[in-house]
Amino acid sequence: MKKKLAFFMAGLLCAVSFASCKPSDPSAKAGGEKGGSKMVIAISEDQEDFYRVAIAKYCGLHPETEVEIQVVPFIDNTPTEKTEKDKKAIKDMQVEIMAGKGPDVFLLDEDCQVLPDMMKSSYNGVFLDLNTVMEGLEGLPLNQTVLKAGEIDGKQYFLPLGYMLSGIAVEDGMLGGWEPSSGQPAEFLEEVASHTGVEGFPSEFWLKEYIPGLFGEPVLDYREESITFSKELQDFTELLAKEGRSLESAPELPNIVMLGHCMLASLEELIQRSFPSGIDVKFLPFPNGEGGINAQVNIFAAVRANSPHASQAGEFLTYLLSDEIQGSTGWKDFGNKQKFTAIPINNNGVIPAFQYRFTYGVEEYQEAAAKKAEELFQVTQQVTTARFCQYENSLIFKAIFMTSETSSVEEKLNNLKNELRFYFDE
């Protein structure tokens, strides 16, 4: 059974390349005395540009702290010699971390994880309780619901830095003042399809990768050591698994989109094109089945439990949450390629972040961009639950949509549950 589970986990592994901060590299400049111990920060490749600038800013304020950066690149599982070497390197690093060694700070995202199951790693004591090294978290203008996604039994084992919301982008004219009424994801999808007169959605494939993340309740309950697939989750999975939902003639809108996705920016592109056309694009968030919206943490930070740089790490993470990096002033001098690609957990940063990404500084559409950014900010305030659920998402996607058996969704979910029975005893 463990060999089969390894298949599910293989796509989540990634590799690490080492690159010390050097004064000659302006994007990663660091100070510190020669020969002193360095604070090692592991960064996922997709967020590297942004965090190199952020780290350089921090080091400029704290020249006494010497930093080494480890870049954790994305692996697409292309069968190459480099891919195999990268996979081996990350397995070696996982062993190192479980032995209490490795990087001091992790700045990772959903697609590039050193540890595939953050929740289990938190329960296993891999990470430090950040409440012991970070002060004033409750005093910062953070989305408190999203912040609690990294909290277990009152301890903040990992720190959400950004999150995403799943939804549907629709031309305002197609709605005509209509609003969906269903609180269940499957019914919501069918309701929107019926009202807008479409049989399929162009990016429905992406939704299949985030099925558990739409719901507020987890599939894996670590406290109760149980695995549960709710009827609502099964209903929605069966809906997406239906054959015959051809997308060949699907119009561009309505479309399945991820607001704040660390890889995709389809909603941003639709909104950018809406300004010159005058066609307004609305975002309808998927309901979580509990009278609200579930946010999925897709960019996060953690600190190794026995790091000798714990206090500096806590200070550094507090700085990452500040207005200077995430907030109202945090988008200056970062450049077009060096953008933070999730919804900032700092509420002060949401509107300027979206306004910046909708216009890239072009003056002509600033007013329209500010209005749309405010509208989307109000959507983020509807979040009632938040989870880190990439492991669950990956398990369901691979078990249902990446297997060739003709079994029903119910049978495939039961097979997955059987494969995971040993999980809590590892």
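In this chain, residues are counted from 1 in sequence order.
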Y157 and E151: side chain donor to acceptor below 3.5 Å: no
Nearest-0.5 Å distance that lies between atom CD1 in I211 and atom CG in L240: 5.0 Å
Considering all heavy atoms, the nearest V257-A169 contact: CG2-N, 3.8 Å
Worked check of side-chain contact (heavy atoms from CB on, under 4.5 Å) between L147 and Q156: CA-CA 9 Å; L147 180 64; Q156 193 80 38; 3.8 Å; yes
Geometric class of the Y222/Y123 ring pair [parallel <30°, tilted 30-60°, perpendicular >60°]: parallel
Stepwise side-chain contact (heavy atoms from CB on, under 4.5 Å) check, V297 with L161: CA-CA 8 Å; V297 175; L161 296 171; over 6 Å; no
Test item: L395 and L420 side chains (from C-beta on) under 4.5 Å apart, heavy atoms: yes
Distance (rounded to the nearest 0.5 Å) between Q355 CD and I351 CD1: 8.5 Å
Under the salt bridge (Lys or Arg N to Asp or Glu O under 4.0 Å) test, residues paired with K371 that sit two or more places apart: none
Y423 side chain to D117 side chain, donor-acceptor N/O pair below 3.5 angstrom: yes
Pairing of R357 and E268 as salt bridge, 4.0 angstrom limit: yes
Test log, rule side-chain contact (heavy atoms from CB on, under 4.5 Å), inputs R52 and I69: CA-CA 8 Å; R52 278 191 178 273; I69 293 175; 3.5 Å; yes
Aromatic ring proximity F158/F127, centre distance under 6.0 Å: no
Flag side-chain contact, heavy atom, 4.5 Å: V219 against T228: no
Distance-only donor-acceptor check, side chains K87 and T83, under 3.5 Å: no
Nearest-0.5 Å distance, OH of residue Y210 to CG of residue N393: 7.0 Å
NZ/NE/NH1/NH2 to OD/OE distance under 4.0 Å, E252 and R273: yes
M134 and L159, any side-chain heavy atoms less than 4.5 Å apart: yes
Smallest separation among heavy atoms of K398 and T403, with atom names: O-CG2, 3.4 Å
Side-chain heavy-atom pair Y319, E315 within 4.5 angstrom cut-off: no
Verdict with reasoning, K208 to E204, per salt bridge (Lys or Arg N to Asp or Glu O under 4.0 Å): CA-CA 7 Å; K208 293 176 181 178; E204 190 174 273; 5.1 Å; no
Closest contact, heavy atoms only, A42 versus L108: O-CD2, 4.3 Å
Ring centre gap for F358 and Y365 strictly below 6.0 Å: no
From F215, F188, F201, residue fulfilling ring pair (Phe, Tyr, Trp, His ring centres under 6.0 Å) relative to F286: F188
No-hydrogen, no-angle side-chain donor-acceptor test under 3.5 Å, Q366 and T359: yes
Exercise: identify the closest heavy-atom pair between Q326 and N346: OE1-N, 3.0 Å
Flag if over 12 foreign heavy atoms under 6.0 Å of CD, E374: yes
Over all atoms of both residues, closest heavy-atom pair of Y163 and T380: OH-CB, 3.4 Å
Polar contact flag, side-chain donor to acceptor under 3.5 angstrom, S181-E191: yes
Sub-4.5 Å side-chain heavy-atom contact between L413 and I396: yes
Y58 side chain near L320 side chain, heavy-atom distance below 4.5 Å: no
Basic-acidic side-chain contact under 4.0 Å: D104, K38: no
Closest contact, heavy atoms only, G260 versus N298: O-ND2, 2.8 Å
Worked check of side-chain contact (heavy atoms from CB on, under 4.5 Å) between I343 and F354: CA-CA 8 Å; I343 303 171; F354 282 129; 3.9 Å; yes
CZ-CD distance between F401 and E209, expressed to the nearest 0.5 angstrom: 10.0 Å
Within 6.0 angstrom of E96 CD, more than 12 heavy atoms from elsewhere: yes
Lys/Arg-Asp/Glu bridge criterion (N-O < 4.0 Å) met for D280, K282: yes
Straight-line distance of I41 CD1 to H309 NE2, nearest 0.5 Å: 10.0 Å
Rounded distance (nearest 0.5 Å) linking atom CD of E171 with atom CG of L253: 5.0 Å
Backbone N/O of S203 and side chain of N255: donor-acceptor pair under 3.5 Å: yes
Pairwise side-chain contact, Q94 with P116, heavy-atom cut-off 4.5 Å (strictly under): yes
Q378 atom CD: more than 12 heavy-atom contacts under 6.0 Å: yes
Qualifying residue for side-chain hydrogen bond (donor to acceptor under 3.5 Å, both in side chains) with R387, from E217, E392, Q296: E392
Within-4.5 Å side-chain heavy-atom neighbours: I271 and L376: yes
